[in-house]
Amino acid sequence: MEITLHLKRLGKKKVKNFPFTLAETPQNLEELLIGCVKNQVEAFNKKRLEVNVIGFLSPSEIQNQAQSGKVDFGDLANKDLANEQEAIDNVLIAFKDGLFLVFIDGEEITDLQTPLQLTSESVIAFIRMTFLVGSYW
């Protein structure tokens, strides 16, 4: 199933939009979160296993990377793979603890068992809550 994800952090104007493919149509929010995590863990682990053969950047690659603010060769020092079950457990706990909010077509979903009626036009927004940190003294 093709959906559009919007990722946003409170206090930031930038919203990242990208198309996302799920293997199955989720029936509730918990299945949606698990599907998203499985997809991202697979992509993360795949990137860790790739071998970078070309040791230089073309001028167009340098220009593209410069627009994002960081130019690098794409080498990864940390080759550890993500554990899928730990990632699923973490996202469910993070949702229950209120570390992020989920909006589907502009409506906030507050319960993991809420039934979903997703279509290819559905817009899913994940908003990461950031907290102020400081001390009184």
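Hydrogens, waters and symmetry mates play no part in the numbers below; they use all other heavy atoms, side chains included.
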| note | d(Phe44 CZ, Asp80 CG) to nearest 0.5 Å is 8.0 Å
| Thr4 vs Ile124 side-chain heavy atoms within contact, under 4.5 Å | no
| said: Counting neighbours of CD on Glu42 that are heavy atoms of other residues, nucleotides or ligands and sit closer than 6.0 Å, is the number greater than 12? | reply: no
| said: Keeping Asp105 on the side-chain end and Val123 on the backbone end, is there a donor-acceptor pair under 3.5 Å? | reply: yes
| note | For Ala87 and Val41 the tightest heavy-atom approach is CB-CG2, 3.7 Å
| Residue pair Arg128, Leu99: steps toward the side-chain contact (heavy atoms from CB on, under 4.5 Å) verdict | CA-CA 6 Å; Arg128 188 173 103 186; Leu99 297 180; over 6 Å; no
| said: As an exercise, state the distance from CG of Leu112 to CG of Leu33, rounded to the nearest 0.5 Å. | reply: 6.5 Å
| said: Closer than 3.5 angstrom, by distance alone: can the side chain of Gln27 be matched with the main-chain N or O of Thr25 as a donor-acceptor pair? | reply: yes
| query | Does one side chain, of Glu2 or Thr21, offer a donor that lies under 3.5 Å from an acceptor on the other? | reply | yes
| field | Test side-chain hydrogen bond (donor to acceptor under 3.5 Å, both in side chains) applied to Gln85 - qualifying residues, sequence neighbours left out | value | Asp89
| Pairwise distance CD(Glu86) to CG(Asn90) - rounded to 0.5 angstrom | 7.0 Å
| query | Is the shortest heavy-atom distance from the side chain of Thr114 to the side chain of Asn28 under 4.5 Å? | reply | no
| message | Taking atom CD as the centre, does Gln113 end up with more than 12 heavy-atom neighbours from other residues, nucleotides or ligands that are less than 6.0 angstrom away? | response | yes
| task | For Leu5 and Phe126, work out which heavy atoms get closest and say how close. | result | CD2-CE1, 3.6 Å
| message | Looking at Lys38, I want to see if its NZ is surrounded by more than 12 non-hydrogen atoms of other residues, nucleotides or ligands under 6.0 Å. | response | no
| note | Closest non-hydrogen atoms of Gly35 and Leu22, given as atom of the first, atom of the second and distance, are C-CD2, 3.6 Å
| task | State, to 0.1 Å, how close Ile3 and Thr119 come at their nearest heavy-atom pair, and which atoms those are. | result | CG2-O, 4.2 Å
| said: Test your reading of the model: is there a side-chain donor-acceptor pair from Asn45 to the backbone of Ala82, 3.5 Å cut-off? | reply: yes
| Inter-residue atom distance Leu7.CG - Asn17.CG, 0.5 Å rounding | 8.0 Å
| said: Could you measure the distance from the CG atom of Leu81 to the NZ atom of Lys47? Nearest 0.5 Å is fine. | reply: 14.0 Å
| Can you check side-chain contact (heavy atoms from CB on, under 4.5 Å) on Val102 and Leu29, steps first, answer last? | CA-CA 9 Å; Val102 178; Leu29 180 59; 3.8 Å; yes
| Would Val15 and Lys8 count as a side-chain contact (heavy atoms from CB on, under 4.5 Å) if you check the C-alpha gap in whole Å, the side-chain angles of each, and the deciding distance to 0.1 Å? | CA-CA 5 Å; Val15 177; Lys8 176 149 178 42; 3.5 Å; yes
| Gap between atom OG1 of Thr110 and atom CZ of Phe103 - 0.5 Å precision | 10.0 Å
